[in-house]
Amino acid sequence: MNISLPGPTITPISEPFWEGIKAGEFRLQQCEQCERSIFYPRAHCPHCFHNSLTWKRASGKGKLKTWSVIHRAGHPAWQELTPYVVGVVALEEGPSLLTHVLIEEDEIAYNMNVELNIRHIGPHPLPFFKKQEETI
Ligand SMILES: [Zn+2]
C-alpha cells in the first residue's frame with residue numbers, strides 16, 4: 001500500500017505561518033489591541049475580538065505540558081513512523097499548540113524546556129519540538 005502523507009491545509013489566514021516554517025522560522029500573530037500572541041492563525045483575536053493582527057517571529061521555545069505516545073496513527077501514512085510522541089507545548093509567548101515531540105519516551109518530563117525543530121516529512125516542512133539545547 002502506497003499512501004502519501006497528508007500535508008498541512010494552507011489557507012490565506014495560515015499561509016504566513018507556513019511560509020515562516022519553510023523559511024525556518026516560527027511565527028505567531030500578535031493582536032495590536034491587547035498585544036497578546038495567538039495560535040492557531042485566525043482573522044480575529046480570541047481574547048478581545050479585534051481584527052488587527054500582525055505576524056511576528058516567535059522564539060520557538062516553550063515547555064512541554066502533556067504528551068501521549070502514539071502507537072496507532074490517525075492516518076495510515078503515519079503508521080510506519082509509530083511509535084511517536086505528540087504533546088502540548090506552552091510557548092514562551094503564551095499560546096499552546098499540539099505538536100510532534102522528538103524526545104524518547106523515557107527522557108520526557110513534565111514542564112521540560114523544548115524548542116522548534118523543523119523536519120521534512122515527505123515533501124512537507126513541519127514544526128516539531130525537541131529538547132532544548134543546554135545553554136550555559
Ligand atoms: Zn486582542
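In each ligand, atom 1 is the first atom listed, and ligand 1 is the first ligand listed.
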Test: Glu92 and Lys61 ion pair at under 4.0 Å: no
Are any N, O or S atoms from His47 nearer to the Zn ion (ligand 1) than 2.8 Å? no
Can you give the angle Cys34 SG - the Zn ion (ligand 1) - Cys48 SG, rounded to 10°? 120°
On the 0 to 90° scale, with breaks at 30° and 60°, tag the Trp55-Phe17 ring pair as parallel, tilted or perpendicular. tilted
If we only count heavy atoms from C-beta on, is the Leu64 to Asn111 side-chain gap below 4.5 Å? no
Indicate if the distance from the Zn ion (ligand 1) to the nearest N, O or S atom of His50 falls below 2.8 Å. no
Run His100 and Phe129 through ring pair (Phe, Tyr, Trp, His ring centres under 6.0 Å) and show every step you take. CA-CA 6 Å; His100 276 251; Phe129 280 74; over 10 Å; no
